[in-house]
Amino acid sequence: MDELELNEQQLIRRDKAAELRGLGVDPYPARLPWQRTHTAAEAIAAYERGDLPEGQPITLVGRLLTLRLMGKAAFAHIEDGSGRIQIYVKRDVVGETFYNTVFKRLIDLGDFVALTGAMFTTRTGEITCQVTEMALISKTMNPLPDKWHGLKDTETRYRQRYVDLLANTEVRAVFRTRARIIAAIRRYLDGNGFLEVETPVLQPIYGGAAARPFTTFHNQLGQELFLRISFELYLKRLLVGGYERVYEIGRDFRNEGISFKHNPEFTQLEFYEAYTDYHSMMRRVEEMLVAIAREVAGGLAITYGGHEIDLTPPWRRITMRDAIRETTGIDYTNYPDVAALAEAMRAIGHQPEPRSSRGKLIDSLFSTHVEPALIQPTFIIDYPIEISPLAKKKAADPTTVERFEYFIGGLELGNAFSELNDPDDQRARFVALREVLADDDENIHPLDEDFLNALSYGLPPTGGFGTGIDRLTMLFTDRSSIREVILFPHLRSVTG
RNA sequence: GGGCCCGUAGCUCAAUUGGCAGAGCAACGGCCUUUUAAGCCGUGGGUUGAAGGUUCGAUUCCUUCCGGGCUCACCA
């Protein structure tokens, strides 16, 4: 550690560690001096139940968080994984040498301690452990953030999440909720006959979404590989293989801009169900979200961004055409060519990107004027075919596909289709897409011949669905940025 | 990538029109045996993100760079 530049407080703590060693106290002992008998929460609950009579010794462990030193006695709070508990340390009880030298001078806020003592209630009514013996079990070399304000600096919170977590209990709660959401999803899908599977993260050909991939290289094979941008094409192969219901929860990687709702790697849930279509998928999504909400929100009413949201099914279903017509007055079916639609958009003050396809214009109209207002749960159904190459056409209208996205709190949360299972149509769509993309983008998607081959062996009529776990977590924890629900969000590396 | 905003002590934040860089918590020394944002007395702690410029004088104004936030673009 030669080149470490230590500040005053770090130097003092190192001196204290050295002094402890001089006294024969290891600041990082290999094991606890006493076996822990209770967590903080268990000790308080047991005392409240009357299971811990006055004087019965217990052993607690935890991090020292606050200290109120009053001469020959002190109150403090320690915190373990279950919560906080107050402790009371009296010089007469723990001994003068320990109290004056170790406790008062050499143990700091932030240090981990073990202690034995008995429970009692203070004059002000707080359940407290009166310490008879205490030992340092791990020394902290940095001061903790402000005990009242916590750690606020956004950059430090993300770069040093461990400090954020230890200082801000509400941040720990967010990631507990995230885990409960994922557990609820698994429980729901497992309980409904879905098989959890794992498909390749490293793929020779990427597909299933319109995103730029990260590329990597297998040295021994001399092969370029892509980090997956979706699971879709692999999961549908599994339905060809005979599984009727499959799902995967895992990481997707997209080499694109970062925003409050985009992280380069994010967690996705996709599930596919044979012998259904997008209408059944809507009912499944409602049912699954209800299961999650009951689990993590205790009911179907949640608050997001100051809005009261009611998740009670059935949710509103409206076609993209009607949704756009309702808010902008533009019925895009009246403008079959790109130029006319762009002109109509300019007439309402919208400035369309010059070289957009018709599908992109419609999408842009939608995301600008409709999406932000979709606060209550809403299915937007029936999308333009140009922006939906993996969805089945509507029988009555070949310009439109059987697809929905669902929105809650103004957030786009997920996407689903009646899966396109005609191999020839699928090939035609891939080819058309390639031409569109090659036109305005260097990002040319390779044709996945093996996927087309799989379709040629027969994919049953299938409903498929994908949703972002990170955004779901934003919804259920009322966070406005995806970085608040990813433990270690991607940040630019610090160079200078 | 574009636009706007931000970066001051370990943490949270001040600093008037360009005029001696401060407070609370934390730290250090002392008093205090039921406190809880404990209290009281005292002390130390700064490359004001970095580099350059303007000026008698820059935390403050200008330029470039680094990092972050919001936003736009991108995201079938």
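Here is the naming used below: chain letters follow the sequence lines, and residue numbers restart at 1 for every chain.
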Can you see if the side chain of K360(A) gets near the phosphate of C75(B) - specifically, an N or O under 4.0 Å from OP1 or OP2?
yes
Taking for each residue the nucleotide of RNA chain B bearing the nearest heavy atom, is the 5' side occupied by F75(A) or by L151(A)?
L151(A)
Take H77(A) and R471(A), find for each the nucleotide of RNA chain B with the closest heavy atom, and name the residue whose nucleotide sits nearer the 5' end.
H77(A)
A9(B) and C28(B), which share atom name C1', separated by this distance in whole Å
15 Å
Would you say R157(A) places a side-chain N or O within less than 4.0 Å of OP1 or OP2 belonging to G68(B)?
no
Rounded to the Å, how far apart are Q130(A) CD and U33(B) P?
15 Å
At under 4.0 Å, does any side-chain N or O of R492(A) touch on OP1 or OP2 of G68(B)?
yes
Short side-chain N/O contact from K152(A) to OP1 or OP2 of C11(B), under 4.0 Å
no
Euclidean distance for P, U16(B) against G49(B) (whole angstrom)
15 Å
Taking any heavy-atom pair under 4.0 Å as a contact, classify L144(A): base, sugar-phosphate, or nothing.
nothing
Which residue, N415(A), I381(A), L374(A), forms the side-chain contact (heavy atoms from CB on, under 4.5 Å) with E405(A)?
N415(A)
Give the rounded distance in Å between these two atoms: NE2 of H490(A) and P of G69(B).
11 Å
Can you pull every protein N or O that's under 3.5 Å from an N or O on nucleotides 27-30 of chain B?
| from | atom 1 | to | atom 2 | distance (Å) |
| --- | --- | --- | --- | --- |
| A27(B) | O4' | Q9(A) | OE1 | 3.3 |
| C28(B) | OP1 | K16(A) | NZ | 2.3 |

Using a heavy-atom cut-off of under 4.0 Å over every strand shown, decide if D92(A) touches base, sugar-phosphate, or nothing.
base
Is the phosphate of U35(B), meaning OP1 or OP2, less than 4.0 Å from a side-chain N or O of R68(A)?
no
Touch check for F260(A), heavy atoms < 4.0 angstrom, all strands: base, sugar-phosphate only, or nothing?
sugar-phosphate
Residues of residues 415-426 of chain A with a heavy atom under 4.0 Å from any atom of RNA chain B, listed by number, are none
Of the candidate nucleotides G68(B), G10(B), C75(B), which contains the atom at the shortest distance from the side chain of E256(A)?
C75(B)
